[in-house]
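For reference, positions follow the sequence shown, starting with 1. Just so it is clear, the structure is predicted and the values come from calculations on it, not from any experiment. We count ligands from 1, going down the list as the structure has it; atoms in each ligand are counted the same way. Atoms considered below: every heavy atom in the structure, side chains included; atoms not considered: hydrogens, waters and symmetry mates.
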Amino acid sequence: MLRSCTAALRTLQALRGRREGVSPAARDPVLARRWFSTEKVIPKDHALPNPSWSKDLRLLFDQFMKKCEDGSWERLPSYKSKYTQKSEDFKTYFLDSKLVKEQLSQAQLFTRGYEDGLGFEYVIFYNDDEKRTVCLFQGGPYLQGVPGFLHGGAIATMIDAAVGMCAAIPGGIVMTANLNINFKRPIPLCSVVVINSQLDKIEGRKLFLSCNVRSVDEKILYSEATGLFIKLDPEKSLI
Ligand SMILES: CCCCCCCCCC(=O)SCCNC(=O)CCNC(=O)[C@H](O)C(C)(C)COP(=O)(O)OP(=O)(O)OC[C@H]1O[C@@H](n2cnc3c(N)ncnc32)[C@H](O)[C@@H]1OP(=O)(O)O
């Protein structure tokens, strides 16, 4: 509490300095160190348990972490915003540099935009031999559609992200060209579901994938989907 108050006060002072025409960093040595430091800030990996995770989600997470021990499965880390080589390549090839500077500094991953437990809580595991992913997903109260159940758009978002990762690992920089979802049963809010994605075939730049969303005990099939992802062509601009 004290730390967050101190941080808020520091930001306020820095902003006041900006209004008075003095650089905030010049007025605040702590800010200056943070802004100009060459030290790497370690971004938070959100694909790890936090107190909002239910018992079901933790149990499944532990089971998959066990499967990772022999190297057949891999947990994929997940960040709100992170400059990876892939995102650098994306900007270099496909975006106008002015747009990058002005608009992307605030950008963050849509599925990581909520406080812990309120939105998308998930972790994705990847099996390279089988070219498939398993996403463990707990949809929080801010994702409500029909009362008590997840919004279809939230389900589609999570399917897109899970299937997208299954395509992006072998495919590189890909975008969703087509996503076809059958919603078969409503998903209760705050429950845990398992999203299984499979790479079925690659034809040139096209990656074809399929997906199903099931309950933890596998008895309920909530949704089925197919997706077409296209590996982007560096010769073509997106805008
Ligand atoms: C960091 C990793 C993160 C991974 C997670 C990401 C998850 C989230 C992913 C997304 O949500 S992406 C956002 C939603 N998608 C978009 O906004 C994409 C909008 N569409 C486009 O920008 C272009 O249509 C696209 C880049 C997908 C393809 O344009 P291209 O000019 O590169 O491809 P082109 O039109 O030449 O088509 C290439 C092939 O794909 C086929 N194709 C393209 N779109 C298709 C389509 N919609 N349906 C069927 N086939 C399609 C096309 O016929 C052709 O087939 P052939 O090679 O056999 O001739």
Side-chain angles (χ1 to χ4, degrees), residues 42-48 64 73-97 99-100 103-114 119-128 130-139 143 150-183 193-213 223-239:
I42 299 169
K44 182 179 170 193
D45 181 357
H46 289 265
L48 288 169
F64 271 89
W73 287 85
E74 171 191 355
R75 184 188 67 86
L76 304 177
S78 172
Y79 305 97
K80 271 191 178 167
S81 56
K82 189 191 169 206
Y83 291 103
T84 59
Q85 188 55 49
K86 207 177 254 187
S87 53
E88 281 306 317
D89 290 349
F90 187 90
K91 286 188 291 178
T92 311
Y93 291 139
F94 303 110
L95 294 179
D96 175 67
S97 61
L99 180 91
V100 169
Q103 295 179 352
L104 288 193
S105 61
Q106 297 293 312
Q108 60 177 32
L109 193 64
F110 177 36
T111 48
R112 294 297 183 193
Y114 294 87
F120 300 89
E121 288 298 334
Y122 66 97
V123 51
I124 300 176
F125 293 89
Y126 179 67
N127 185 313
D128 191 45
E130 298 173 15
K131 299 284 179 272
R132 70 184 181 105
T133 55
V134 170
C135 170
L136 314 176
F137 170 46
Q138 175 184 301
L143 305 184
L150 283 186
H151 194 289
I155 300 168
T157 297
M158 207 55 248
I159 289 176
D160 192 20
V163 179
M165 283 310 294
C166 194
I169 295 175
I173 300 174
V174 297
M175 280 186 100
T176 321
N178 181 276
L179 189 61
N180 198 319
I181 302 175
N182 287 318
F183 298 99
V193 295
V194 179
I195 305 174
N196 300 288
S197 307
Q198 175 78 55
L199 175 65
D200 296 323
K201 143 180 101 160
I202 301 180
E203 278 176 10
R205 290 197 290 127
K206 294 183 286 189
L207 293 95
F208 297 85
L209 296 103
S210 52
C211 169
N212 61 66
V213 184
S223 309
E224 282 181 313
T226 55
L228 168 63
F229 286 72
I230 309 286
K231 192 173 158 71
L232 297 189
D233 180 350
E235 300 298 314
K236 287 186 183 174
S237 168
L238 281 177
I239 48 177

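Counting heavy atoms from C-beta outward, Tyr122 and Arg112 have side chains that approach closer than 4.5 Å. Counting only heavy atoms from C-beta outward, the side chains of Met158 and Phe120 approach each other to under 4.5 Å. Contact check for Val123 versus Ser78: no side-chain heavy atoms found under the 4.5 Å cut-off. For the pair Ile169 and Leu76, the minimum side-chain heavy-atom distance is below 4.5 Å. Contact annotation: the side chain of Asp45 approaches that of Tyr79 to within less than 4.5 Å [non-hydrogen atoms, C-beta and beyond]. Counting heavy atoms from C-beta outward, Thr226 and Leu209 have side chains that stay 4.5 Å or more apart. Contact of the Leu143 side chain with the Tyr114 side chain is registered, since non-hydrogen atoms from C-beta on lie closer than 4.5 Å.
Counting heavy atoms under 4.0 Å from ligand 1, residue Glu203 does not touch it at all. When non-hydrogen atoms are compared, ligand 1 lies under 4.0 Å from the side chain of Leu228 (C-beta onward) but not from its backbone. No part of Asp233 comes within 4.0 Å of ligand 1, judged by heavy-atom distances.
Of the candidates Ala161, Gly204, Ala177, Ala177 brings a heavy atom nearest to atom 44 (N) of ligand 1. With Gly172, Ala168, Gly171, Ala162 as candidates, the residue nearest to atom 2 (C) of ligand 1 on a non-hydrogen basis is Ala168. When the heavy-atom distances from atom 5 (C) of ligand 1 to Gly164, Ala156, Cys166, Gly227 are ranked, the shortest goes to Gly164.
The aromatic rings of Phe64 and Trp73 sit perpendicular to each other, their planes meeting at more than 60°, with 30° as the lower class boundary.
Close contacts of ligand 1 with Lys236, meaning ligand atoms under 4.0 Å from a residue heavy atom, involve 30 (P), 31 (O), 33 (O), 34 (P), 36 (O). Taking every heavy atom of Met175 and a limit of under 4.0 angstrom, the matching atoms of ligand 1 come to 12 (S), 13 (C), 16 (C), 17 (O), 18 (C). Taking every heavy atom of Leu232 and a limit of under 4.0 angstrom, the matching atoms of ligand 1 come to 26 (C). Under a 4.0 Å criterion applied to the non-hydrogen atoms of Met165, ligand 1 contributes the atoms 4 (C).
Looking at Lys231 next to ligand 1, no N or O pair under 3.5 Å apart turns up. Residue Asn178 has no nitrogen or oxygen atom sitting less than 3.5 Å from a nitrogen or oxygen atom of ligand 1, judged on distance alone.
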